[in-house]
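Below is one structure, written out as structure tokens; comments come after it.
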Amino acid sequence: MTRIAQFSDLHYSAKNLTEADRCFSQAIDRAIEMRVEAAVISGDATDHALDVHAPAVERLARNVRRLAGHCPVLMLQGTYSHEPPGTLSIFRLLGGRFAVHVADRIEQVALTADRGWIASSNWRFKSVPCGLRVLFSCVPTVNKATVAATVGATAAAEAIGEQLGILLRGFAPINEAAGEMGVPTVGVSHGTVYGCLTEHGVPMAGFDHEFTTGALFGARAQAFMPGHIHRHQSWESSGRLIAYPGSIGRFH
Ligand SMILES: [Mn+2]
């Protein structure tokens, strides 16, 4: 069994700093104790644009660096208002014993036998890379045009949810091939799953949500790790699991 820690929606900021940092520190301690082989931070590491001199930047960086001293770290781009594009770039420089990979585009990422990261040059690998330890399929927050360009959609008016469904199904063949080779497959995304419950207990049943459970299961990954909704909840289908971990500090 491969043990991977998921952290999400840390929302580091001046206002949340004490709680965010205390909770993230504890979660990292626990992950290290449990000897996880990799760590995923599935978006919204920060709450809003932060200046580099903000204490929250230093505290977040310090903890990500500590995590990377234990295992490889995958950071996914979250909501633009919380994590303006470019925010995560600096974390690529933070590798400790292990590297921090920042997924800010639609891509597949291989965790290799020597516990390094290799990203697909296109949105997915053409074939299962050799010496693979875990295969990640990443769908960060992206704008509609990016999704349309990736799946080659011609109908620009098509709902983003439909296009993401097509995209996720595109990951299925390679995930299934990896699965047959005994390689764990994991999806990581940031967005709303249709029908999920918010931290206030409100069901999200609008038509403009990014994902359905069916679309996520369609990627044929063994586990899907979405971020965005701050309440822990999960769905299971024929041994495949989708789980929001919830916000680490329960920020609303
Ligand atoms: Mn969030």
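Numbers here simply count residues along the sequence, with the first being 1. Note that ligands are numbered from 1 as they come in the structure, with each ligand's atoms numbered from 1 the same way.
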Counting no waters, how many protein N/O/S atoms sit under 2.8 Å from the Mn ion (ligand 1)? 4
Do the ring centers of Trp123 and Phe171 come within less than 6.0 Å of each other? yes
Taking His101 for the side chain and Leu74 for the main chain, is one N or O donor matched with an acceptor at less than 3.5 Å? no
Residues at least two apart in sequence or cross-chain that pass side chain to side chain contact (heavy atoms under 4.5 Å, CB included) with His48, listed by chain then number, are Ser13, Leu50
Test your reading of the model: is there a side-chain donor-acceptor pair from Arg35 to the backbone of Arg3, 3.5 Å cut-off? no
With a cutoff of under 4.5 Å between side-chain heavy atoms, which Ile, Leu, Val, Met, Phe, Trp and Tyr residues group with Val64? Phe7, Leu10, Tyr12, Leu17, Phe24, Ile28, Ile32, Ile41, Leu60, Leu67, Val73, Met75, Leu88, Ile90, Phe91, Leu93, Leu94, Val100, Val102, Ile248
The complete set of salt bridge (Lys or Arg N to Asp or Glu O under 4.0 Å) pairs with one or both residues in residues 129-140, sequence neighbours excluded, reads Glu37-Arg133
